[in-house]
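Encoded as structure tokens, the structure appears first; notes follow it.
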Amino acid sequence: MLDSAPTLERLRPIFADPNIAKLNQNIKYDLLVLRGRGVEVHGVSGDPMVADYLLHAGERTHNLEELARRYLNHPMVPIEDLIGKKSKKQPQLRMDQVAVDRVAAYAGEDADAAWRLCLHLESRLEGPPLRTLYDELEIPLIEVLAELEYNGIRLDKKLLKRVGDDMGRRLEQIEKEIYVLAGRPFNIGSLPQLRKVLFEELKLPIQGKTGVTGAPSTDQETLEKLAALGLPGSELPRKILEQRQTAKLKSTYVDALPEMVNPATRRIHASFNQTVAATGRLSSSDPNLQNIPVRSEQGREIRQAFLPEEGWRLLTADYSQIELRLLAHFTDDEALQRAFAEDHDVHSLVAAQIFGVEEGLVTPEMRRMAKTVNFGVIYGMSGHGLAVRLGISRDEANRFIEAYFARYPKVLDYQAKLLEECMRTGYVSTILGRRRAIAGVRSKSTYQQRNQPEREAINMEIQGSAADLIKLAMLHIHQRLRRDGLRSRMLMQIHDELVFEAPPGELKQLAALVKEEMTTPLEKELSLRTPLKVELAAGPNWLDVEEIVEGEG
DNA sequence: ATATTCACG
DNA sequence: ACGTACGTGAATATC
């Protein structure tokens with residue numbers, strides 16, 4: 001089998017030859033396994049999983065079993081038949097513990113299905129834009145993602161141990177205080193028990209119900225309302241909030257991350273999934289590196305544990321306001337475009353417009369509200385949704401939206417046109433022609449009464465186009481790093497941010513290259529009507545990065 | 001397996 | 001009358 005070293009050596013030149021096409025289901029996995037054995041693969045030409053993702057983004061899975069059933073009408077032999085029950089926890093049999101003839105039959109069926117599915121699905125991509133997206137973006141990106149996963153990132157286990165011990169002590173303390181306030185001990189993590197304490201024993205007023213079962217909510221928003229009531233028993237929700245935050249950070253990050261460090265590389269190797277998000281974004285798992293805490297002070301400590309290679313520096317490159325810039329591009333609104341062209345503060349500008357004041361008189365509160373409105377526009381906001389987030393009445397929220405659309409009529413026209421096209425064709429397209437099918441869009445609905453599909457449609461073009469842009473940038477950066485012979489490595493993508501590590505002396509060159517590839521070529525290639533802006537920062541860990549100002553140092 | 005909550009963009 | 005902003009992944013408890 002492939003496992004034997006002589007066979008691998010014989011295949012090495014074939015794998016290395018970019019002119020010999022290779023395809024497989026989830027071929028990124030093969031790249032990683034082979035790279036782990038020192039074998040480089042070039043010439044990746046296809047992957048049915050990725051082809052199906054471009055054809056049907058938003059399907060629950062694009063796994064081989066599903067694809068074979070759907071397109072080949074062929075039920076695959078379940079892998080459980082070979083290696084035992086499928087389970088994330090339970091250790092499975094390995095292939096080398098299974099009889100060779102059974103493995104061969106299974107592997108043969110897999111390879112055959114992948115090959116036939118690739119032919120079939122690729123023919124369905126039918127030229128531009130999907131086939132171009134496949135051949136020139138998603139397939140080449142596989143190699144880049146494999147490299148991100150292979151590179152991994154170093155973690156400061158000692159720091160997390162200290163933080164975890166502190167949190168453990170803090171939790172013991174808070175939990176004692178909670179039991180006193182509740183009048184008895186109970187399992188704070190159990191929603192039924194917590195509801196009983198809050199709403200039955202302490203008789204606090206129910207603030208809202210959960211979506212599916214209609215049970216009383218106990219989420220952050222609810223607990224904050226309860227804490228603000230000033231009733232007897234209002235101390236408790238405050239403490240619960242504190243306990244929740246600390247318990248969440250400890251279990252999800254501080255305790256879990258050190259367990260994920262690969263002892264051989266002493267780094268964390270997450271997955272960057274290419275076929276999950278309906279909009280074209282990547283997702284990350286095992287662990288998820290795209291939701292590492294940053295907003296709370298307590299959470300930010302965790303970022304400090306993400307380190308570059310010893311003696312190297314971490315570099316972060318963030319797109320500034322990429323979604324609003326794309327809104328300006330798509331709507332062709334001149335005021336928004338000018339704001340970005342002149343690098344103005346777009347939240348302040350919108351605040352001035354919707355509050356009807358000079359930009360110099362915009363207060364931080366007005367700016368904060370305008371920022372919420374700006375995000376709302378990208379999400380297809382309703383009056384109600386905006387009201388909840390701003391803590392104002394629905395009427396007031398509607399007046400804000402009216403004021404916004406009165407000043408930015410092109411945004412309203414743009415959204416109406418997008419919905420109309422979605423209704424006609426059944427899908428929404430991004431800047432590179434990526435498609436997401438959306439059913440349930442109605443003709444001329446107003447923003448007050450938009451339904452879920454209509455909001456999804458409105459969000460797709462912008463969120464998906466931002467995903468297109470950063471994927472393209474990753475591809476270009478990867479090629480430049482090779483061409484220019486840099487040792488720097490790309491480590492992570494967090495939707496509008498890329499993270500790199502640079503060896504001593506290479507930071508400036510890397511920073512310049514990254515900034516360039518994330519902006520100018522994309523603006524030109526895609527004829528963007530708004531410039532892109534990238535903010536660079538570097539430091540000894542992911543928290544303590546300092547902005548790199550051009551022409552400095 | 002499902003529901004809830006909460007971490008991120 | 002009601003549920004209401006878009007996209008994710010993980011932990012926990014309960015069924």
Side-chain angles (χ1 to χ4, degrees), chain A residues 57-58 88 186-195 208-223 240-241 243-257 259-260 270-273 275-296 298-300 302-303 318-323 327 372-390 394 397 401 428 436 438 447-464 466-467 470 492-498 542:
Chain A
K88 258 196 172 173
F186 66 102
N187 182 351
I188 304 164
S190 160
L191 293 171
Q193 288 185 44
L194 179 61
R195 286 186 188 113
K209 304 283 185 70
T210 61
V212 177
T213 61
S217 293
T218 69
D219 62 10
Q220 194 172 334
E221 194 193 329
T222 305
L223 294 176
I240 303 275
L241 281 168
Q243 190 272 352
R244 280 246 180 102
Q245 189 193 48
T246 306
K248 175 85 166 188
L249 296 176
K250 184 168 188 290
S251 69
T252 308
Y253 305 101
V254 177
D255 293 344
L257 288 172
E259 297 290 313
M260 304 290 294
S271 296
F272 286 92
N273 314 303
T275 61
V276 174
T279 54
R281 275 187 172 185
L282 298 178
S283 85
S284 168
S285 60
D286 308 296
N288 182 356
L289 293 180
Q290 292 179 324
N291 73 346
I292 300 303
V294 68
R295 293 175 190 167
S296 74
Q298 203 182 15
R300 293 170 69 84
I302 295 163
R303 291 214 161 198
D318 282 71
Y319 274 119
S320 164
Q321 316 272 31
I322 188 165
E323 294 194 341
L327 180 74
T372 305
V373 171
N374 277 332
F375 275 109
V377 172
I378 292 168
Y379 296 150
M381 68 181 162
S382 64
H384 179 84
L386 185 65
V388 168
R389 269 157 195 81
L390 287 179
R394 199 173 160 153
I401 299 175
V428 180
R436 175 180 178 184
I438 294 173
Y447 65 83
Q448 288 101 329
Q449 40 172 8
R450 280 194 189 125
N451 61 18
Q452 180 87 28
E454 285 156 359
R455 294 194 299 270
E456 285 168 359
I458 285 172
N459 182 248
M460 167 66 188
E461 184 166 31
I462 289 179
Q463 186 178 125
I470 196 164
M492 300 188 268
Q493 188 249 48
I494 307 100
H495 309 305
D496 61 356
E497 172 183 11
L498 296 174
W542 201 6

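Lettering follows sequence order; numbering is per chain, from 1.
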In whole Å, I'd like the distance from the [atom1] atom of [X] to the [atom2] atom of [N].
X: A:Leu386; N: C:dT4; atom1: CG; atom2: P; answer: 16 Å
X: A:Phe186; N: C:dT12; atom1: CZ; atom2: C1'; answer: 15 Å
X: A:Phe272; N: C:dT8; atom1: CZ; atom2: C1'; answer: 13 Å
X: A:Tyr447; N: C:dA5; atom1: OH; atom2: P; answer: 17 Å
X: A:Arg394; N: C:dG3; atom1: CZ; atom2: P; answer: 13 Å

Would you mind reporting whether [Y] and [X] have side-chain heavy atoms less than 4.5 Å apart?
X: A:Asp496; Y: A:Gln321; result: no
X: A:Tyr379; Y: A:Ile458; result: no
X: A:Leu194; Y: A:Arg244; result: yes
X: A:Ile378; Y: A:Asn459; result: yes
X: A:Met492; Y: A:Glu497; result: no
X: A:Glu323; Y: A:Gln463; result: yes

Assign [X] to base, sugar-phosphate, or nothing according to its heavy-atom contacts below 4.0 angstrom with the strands shown.
X: A:Asn187; value: sugar-phosphate
X: A:Thr372; value: base
X: A:Arg436; value: sugar-phosphate
X: A:Gly380; value: nothing
X: A:Ala247; value: nothing
X: A:Ala256; value: sugar-phosphate

Kindly say if A:Thr252 contacts the phosphate of C:dA10, meaning a side-chain N or O under 4.0 Å from OP1 or OP2. no

Check whether any side-chain nitrogen or oxygen of A:Arg455 sits under 4.0 Å from OP1 or OP2 of C:dC6, and answer yes or no. yes

[atom1] atom, [N] versus [M]: distance in rounded Å?
N: B:dC6; M: C:dC2; atom1: C1'; result: 25 Å
N: B:dT5; M: C:dA1; atom1: P; result: 25 Å
N: B:dA3; M: C:dT4; atom1: P; result: 15 Å

Got a donor-acceptor pair under 3.5 Å from the side chain of A:Arg450 to the base of C:dA5? no

Open item on the list: Using the rule given for side-chain hydrogen bond (donor to acceptor under 3.5 Å, both in side chains), can you reason through A:Gln290 versus A:Ser283, listing the C-alpha separation, both sets of side-chain angles and the distance that settles it, and then say yes or no?
Closed with: CA-CA 7 Å; A:Gln290 292 179 324; A:Ser283 85; 5.5 Å; no

(message) For A:Ser382 and A:Gln448, which I'm curious about, is there any donor-acceptor pair between the side chains at under 3.5 Å?
(response)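 The answer is no; no qualifying pair exists.
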
Are A:Ser285 and A:Asn273 linked by a side-chain donor-acceptor pair shorter than 3.5 Å?
yes

Minimum heavy-atom separation for A:Gly58 to A:Ala278, with atom names?
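Heavy atoms only, the tightest pair is CA-CB, 3.9 Å.
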
Pairs under 3.5 Å (Watson-Crick or G-U), crossing ones as [ ], inter-strand ones as |: DNA chain C comes out as .....|||||||||.

Once base and sugar-phosphate atoms are separated, protein heavy atoms under 4.0 Å mark nucleotides 2-9 of chain B, 5' to 3', with B, S and - as -SSBBBBB

